[in-house]
Amino acid sequence: MTESAQTKQRPGQVERYDPRAIERKWQARWERDGLYRTPDDDPRPKWYALTMLPYTSGDLHIGHWYAMAPSDTAARYKRMNGYNVLFPMGFDAFGLPAENAAIKNQTHPAEWTFANVERMRGQLKLMGAMFDWDREVVTASPDYYKWTQWWFLKLLEHDLAYKKKASVWWCPNDQTVLANEQVVDGRCERCDAVVAKRDLEQWFFRITRYADELLDFSKLEWPDQVISMQRNWIGRSEGAELRFGLDVPGVAEKEVRVFTTRPDTVYGVTFFVVAPEHPLVEQITTLEQRDAVRAYVDAARKQSEIERQSTEGEKTGVFTGAYVINLFTGKQVPVWTADYVLYTYGTGAVMGVPGHDQRDFDFAKKYGLPIVPVYKHPDWDGGELTAALGHGGTMINSGPFDGTPDGQSIPAVVKYAEQQGYGRGTVNYRLRDWLISRQRMWGAPIPVVYCEKDGAVPVPESDLPVLLPDDAEFRPTGESPLTYHERFLYTTCPLCGGPARRETDTMDTFMCSSWYQMRYIDPHNPERPFSRELAKQWLPVDQYTGGAEHAVMHLLYTRFFTKAARDMGVVEFAEPFTRLFNQGQILGPDGQRMSKSRGNVISPDSQVEKWGADTFRTYLMFLGPWDEGGPYDPSGINGAYRWLNRVWNAVLGGIETAAKAGAPETRELRRWTHRTIEKVTADIAQFRFNTMIAALMEYTNYLTKLRETGAVVDADAWREARESLTLLLAPIVPHLAEELWERQGKPYSVHTQAWPTFDAALAAADEVEVPVQVNGKVRERLMLPLDAPEDVARERALASASVQQHLAGKEIARLIYVPNRLVNIVVKG
RNA sequence: GCCGAAGUGGCGGAAUGGCAGACGCGACGGUCUCAAAAACCGUUGGGCGGCAACGCUCGUGUGGGUUCGAAUCCCACCUUCGGCACCA
């Protein structure tokens, strides 16, 4: 059949686009050929593209497709640009939901988890992504958690892990520890009992040791909002730690320290506040105050941290009956306990300066405590204060510092404090050490045993992994089965061989996901977490993508892990992810988060079955900007399907061709082709997938129109057009592009081809439409040559009749000309 | 509450200092059909005027400001979303 004969065909007369057949065919072929296997020995530059691994929650969700299909497109684009691309996938498989399922179904969490892995892997494969499945990792498999345990031992060895008491939610009825999620309105979600906090010995990692280095983002290409959130999370503040004297009979401590960012206001301290959890509270409280203080502390321990940190609600507190001495003045101030002071921040105690701190001011007003200003603030008339004073003015009521201006006062007071031994200048962080202990079964066991003689002893590396029992029995209480599993619990001490008990806590799942990116590079290594040579070759990750909900915790923990690994000599770089992109959340059609309870969950499988993976990928990328997410409304998906049909018909349907290289139609076609390559290349490189697809749709619409109007173009220009379109589509719709490529008689595979390049001269337009405004309102549109000089634009603009009409009787004050954009004539009168 | 984002037609969005509404959905009208679906073609922000091509005018959460010019920059407010350390 000649091409001119094909032109006569109406769309639909070409063999129909059959996505299901095409997708099955190519997925099988790719798998058979190992097209997406990533070689380690490859001369091309490496590119490590990584998408956050999914949690094994059951079924694959639209959100997983939304996260992975665009990142697959980006990875494929890199591949076509000459990189040896590593794009692995795995499963985050430990965690609370598996235990809930186990309790509900009376099975082992492993059963539920690994069944989910199987199902989700199958669902993921329908996407046609270039995942290298030979490198899959599952964090709950012993081959993997052996190395998670190894990391724990390493951190312990380097003094980055330690034990201390920390509070957990405790359900007195179920006799079990609860996660934050399991506490609903201060009650146990299972039995509705009122919960409280309980202190347990738990393991921590010293992330605070890296606080300053974690504030250095200079080598990262990360979104500003993530950097800003991490910066605030770390919360560095400069100030001083000041000592206050304590003299309570029967109490060993002779001082209490506070951290303050305003040491210059120390002469204005009129009271002192200690966090309710602070052990000192119980010790210093006087007999008369005991009942009131205990009741207050009990109430405070039932609140969540978010409630505690609220600055809006009325401040409450109770006087302990005790006093501390302000060393600067030698005077006593009363000690209160109040829930607006957090035990986990600073020293868990603050000095109350109501004259210069609004929270302290409110507190003093409420409880009738004195208010002493220590600055003569320019806005203050010397009368009674109605609010705390801000910065500014000179010091008063401050002994030797009276007259010191704000700006010099802090260093002066700190220097004096250090000379007198009253305290010292210091830096405090909001960041706390990372609590990794979980009183749960479905996690990597902490590899430590407790021996009566030797205490806490790390399990030797050669004994790893400490395996989870495969016959765990979940009792209805929800208590971790490890605590009553005798075969797991009783062991011998690695040091003395005497009887010992295993640590029954497991590790936070964030630990599993803090190093998984390193395991993908050498996932089957039985000797080490990964080989040094492969680490040098592949790490760090070049491009990481995932949800913004991980902006702080996961991403900060992983950065900490990497820095610790560097200091332990395990890797030679300091940051795990060079570039980061956060995709937005995909919501249900109602604009709400998809969840089973809302009944707005739409399964990706049914959509893929109905439309094909390529259509579904296209639709998700076309929805809107990837970083914004948005509501998923399946009623729009047919638009994507229609477009792919137009592509099919345009590429395979043909057009009337003849040797007409110089004809305007041919020039126009080549301009469209090169302009589209330019636009798509710019968009895909910046993850602007929605506008990339819009540009491809416009191009397809143009080609369709060209065909239907019976235009005659040069054969080479047409070949260039259909080839370019196919190559531009390859990262987006991998199956369709492969099929179109084959049907054009091109060699397998389209995915190993080079990305098309454009010629800027061919892409450029000869003329541009330029609006002419009079006082900002468009009155005329001119076709001007590209980059027309100002005098030409001015002359043409002033020659316009409709412009003249609006200029009549007025004086031209100014004429603004922005080449290729607009002319604006500003008139007076 | 604190930290971080976002508000544009009936809907998803485009435009990030220069023509507001690209591209798509939906809707309406048409072609094809016995009919419907599909497919294809056309119209589609509101108001006013015109038989019409078109012209005028309002319009990007609310109020103010900067600028020749603001969806875009600044200030204040309102609403929605993400995170807040044991959901992952």
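In the text below, chain A, chain B and the rest are named by the order of the sequence lines, each starting its count at 1.
Using atom P as the reference point in both B:A36 and B:A27, the two lie 16 Å apart (nearest Å). Taking atom C1' on both nucleotides, B:A71 is separated from B:A20 by 8 Å, rounded to a whole Å. Taking atom C1' in both B:G69 and B:G30, one finds a spacing of 42 Å when rounded to whole Å. Rounded to whole Å, the P atom of B:C74 lies 11 Å from the corresponding atom of B:A6. Remark: the separation of the P atoms in B:C73 and B:C2 is 23 Å, to the nearest Å. Comparing the P positions of B:C11 and B:G26 gives an interatomic distance of 15 Å, to the nearest angstrom. Nucleotides B:C56 and B:G50, compared at atom C1', are 11 Å apart to the nearest Å. Going from the P atom of B:G24 to that of B:U80 covers 34 Å, rounded to whole Å.
Here A:G776 lies out of heavy-atom contact (under 4.0 Å) with every strand. Nucleic acid contact class of A:F510 (heavy atoms, under 4.0 Å, all strands): base. The residue A:V818 sits close to a base: some heavy atom pair falls under 4.0 Å. A:Q202 comes within contact range of at least one nucleobase, with a heavy-atom separation under 4.0 Å. Heavy atoms of A:H554 sit nowhere under 4.0 angstrom from any nucleic acid atom. Residue contacts for A:R821: at a heavy-atom cut-off of 4.0 Å it reaches the sugar-phosphate backbone alone, with no base atom in range. Counting non-hydrogen atoms under 4.0 angstrom, A:I816 reaches a base of the nucleic acid. At a threshold of 4.0 angstrom between heavy atoms, the contacts of A:S57 with the nucleic acid are absent. At the heavy-atom level, A:P54 lies nowhere under 4.0 Å from the strands shown. A:W169 comes within 4.0 angstrom of no nucleic acid atom, judged by non-hydrogen atoms across all strands. Within the nucleic acid shown, A:R593 comes within 4.0 Å of sugar-phosphate atoms alone, with no base atom in reach, counting heavy atoms only. Heavy atoms of A:K705 sit under 4.0 angstrom from primed sugar atoms or phosphate atoms, though from no base atom. Here A:L822 lies in heavy-atom contact (under 4.0 Å) with a base. Across all strands shown, A:E769 has heavy atoms under 4.0 Å from base atoms, whether or not it also approaches the sugar-phosphate.
Between A:Q439 and the options A:T504, A:T176, A:D505, a side chain to side chain donor-acceptor pair (under 3.5 Å) holds for only A:D505.
For A:T344 and A:R432, the side-chain atoms include at least one donor-acceptor pair closer than 3.5 Å. Side-chain polar atoms of A:S480 and A:W442 form no donor-acceptor pair below 3.5 angstrom. Side-chain atoms of A:S237 and A:T261 include no donor-acceptor pair closer than 3.5 Å. If you check the side chains of A:E503 and A:W203, you find a donor sitting under 3.5 Å from an acceptor.
Side chain A:Q773 to base B:C68: no donor-acceptor pair is found below 3.5 Å. Side chain A:N824 to base B:C68: a donor-acceptor pair is found below 3.5 Å.
Atom CE of A:M229 and atom P of B:C2 are 16 Å apart (whole Å). A straight line from CG of A:N820 to C1' of B:A15 spans 17 Å, rounded to a whole angstrom. Computed from coordinates, the A:W626 CH2 to B:G12 C1' distance equals 18 Å when rounded to whole Å. Regarding A:W648, its CH2 atom lies at a distance of 17 Å from the P atom of B:A39, rounded to whole Å. For A:I586 and B:G13, the CD1 to C1' distance is 13 Å, given to the nearest whole Å. The interatomic distance linking A:D339 (CG) with B:G1 (P) rounds to 17 Å, in whole Å. Nucleotide B:A85 holds its C1' atom 8 Å from the CG atom of A:N180, rounded to whole Å.
Aromatic pair A:W611/A:Y619: ring centres not closer than 6.0 Å. Between A:W65 and A:F616, the ring center distance clears the sub-6.0 Å criterion. Aromatic pair A:Y702/A:W672: centroids less than 6.0 angstrom apart. Aromatic ring centres of A:Y340 and A:F363 lie closer together than 6.0 Å.
Aromatic ring orientation, A:F687 versus A:F689: parallel (interplanar angle below 30°, classes split at 30° and 60°). Between A:Y145 and A:F94, the ring planes are tilted. Angles from 30° to 60° get that label.
Comparing B:C87, B:G82, B:C86 by their closest approach to the side chain of A:Q585 singles out B:G82.
Taking the side chain as every heavy atom from C-beta outward, A:P634 and A:I602 approach each other to under 4.5 Å.
Neither OP1 nor OP2 of B:A85 sits under 4.0 Å from any side-chain N or O of A:R432.
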Polar atoms only, N or O, under 3.5 Å: list the protein pairs with nucleotides 21-25 of chain B and their distances.
from	atom 1	to	atom 2	distance (Å)
B:G24	OP1	A:N701	ND2	2.8
B:C25	OP1	A:R642	NH1	2.5
B:C25	O2'	A:S635	O	3.4

N/O-N/O pairs, protein side and nucleotides 54-59 of chain B side, under 3.5 Å:
from	atom 1	to	atom 2	distance (Å)
B:C56	OP1	A:R779	NH1	3.1
B:U57	OP2	A:R779	NH1	3.3

Any chance you could lay out the salt bridge (Lys or Arg N to Asp or Glu O under 4.0 Å) test for A:R438 and A:D508, step after step, and finish with the verdict?
CA-CA 6 Å; A:R438 297 293 181 270; A:D508 181 3; 3.1 Å; yes

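Between A:T509 and A:L623, it is A:L623 whose nearest contact on RNA chain B lies nearer the 5' terminus. Residue order along RNA chain B, read from the 5' end via each residue's closest nucleotide, puts A:V226 first among A:G630 and A:V226.
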